[in-house]
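Below is one structure; the comments refer to it alone.
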Amino acid sequence: GESVGLHLPTLSVQEGDNSIINCAYSNSASDYFIWYKQESGKGPQFIIDIRSNMDKRQGQRVTVLLNKTVKHLSLQIAATQPGDSAVYFCAETLTGGSYIPTFGRGTSLIVHP
Amino acid sequence: ETGVTQSPTHLIKTRGQQVTLRCSSQSGHNTVSWYQQALGQGPQFIFQYYREEENGRGNFPPRFSGLQFPNYSSELNVNALELDDSALYLCASSLNRGGYEQYFGPGTRLTVT
């Protein structure tokens, strides 16, 4: 079946660097995408979302880019901090009708001080 | 404002038994979604409830069932437990149905022996 996947299972960066986490999605009909952060022992935390009518959205220190042509999503974290260390998931879904989201496997971000 | 809470935190059951997990949604939220997260994997969507009615269901067998109550709290019931049901079960609430910003609880760790 169709699924969301991530290119890199683990990403190690130095504190202060910019981080880029990538995600490939398979369902070209998906129109809503979300990035979540999950710290050890906690539930996922919403970071940022983007709809298919946009190709870029910025939040505080985070930017999500959507390339519908190649079905690719990325999360950019500026000036990465040790507190950013966590597993990051992308999720895709279709809005309207029944809600059935698909999550990727996750990328572990390790930030070295 | 109270966040999403789940009970119990941990649970050990024997294969073939039945289990009920509980979730209290964040104040003002009328939608609850349930997810199963196996170790090292992304959350897998089980189902979503909006104002006491199911609003979407993932690829899970009928022995996974749910309820949402008038106060928008929710239960996940799993019958005839199998070893593969061992996982972290996450509940998330949101202001409305669909794929909008969801707030996750800390999860219930279920172990089936």
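Quick note on labels: first sequence line is chain A, next is B, and so on, each numbered from 1.
Residues B/F104 and A/Y36 have side chains in contact (heavy-atom distance under 4.5 Å, counting atoms from C-beta outward). Using a 4.5 Å heavy-atom threshold, the side chains of B/Q41 and A/F89 count as separate.
Taking each heavy atom of A/P101 and B/Y35 in turn, the nearest pair found is CG-OH, 3.7 Å. Closest heavy-atom contact between A/P44 and B/L90: CD-CD1, 3.7 Å.
For the atom pair A/I34 CD1 and B/E101 CD, the distance stands at 10.0 Å (nearest 0.5 Å). Distance CD/A/Q45 to OH/B/Y103: 9.5 Å, rounded to 0.5 Å.
Annotation for B/L83: atom CG counts as buried by contact number, over 12 foreign heavy atoms lying within 6.0 Å. For B/R15, the CZ atom is loosely surrounded, since the number of other residues' heavy atoms within 6.0 Å does not exceed 12. For A/I110, the CD1 atom sits in a packed shell: over 12 heavy atoms of surrounding residues, nucleotides or ligands are nearer than 6.0 Å. By the 6.0 Å contact criterion, NZ on A/K68 is enclosed, its count of non-hydrogen atoms from other residues, nucleotides or ligands being greater than 12.
Hydrophobic clustering (ILVMFWY, side-chain heavy atoms < 4.5 Å, transitive): B/Y50 and B/F60 are in distinct clusters.
Taking the six-membered ring where the residue is Trp, the centroids of B/F45 and A/F103 are separated by 6.0 Å or more.
Residue contact with chain A, scored on non-hydrogen atoms closer than 4.5 Å, involves the side chain of B/Q37 exclusively.
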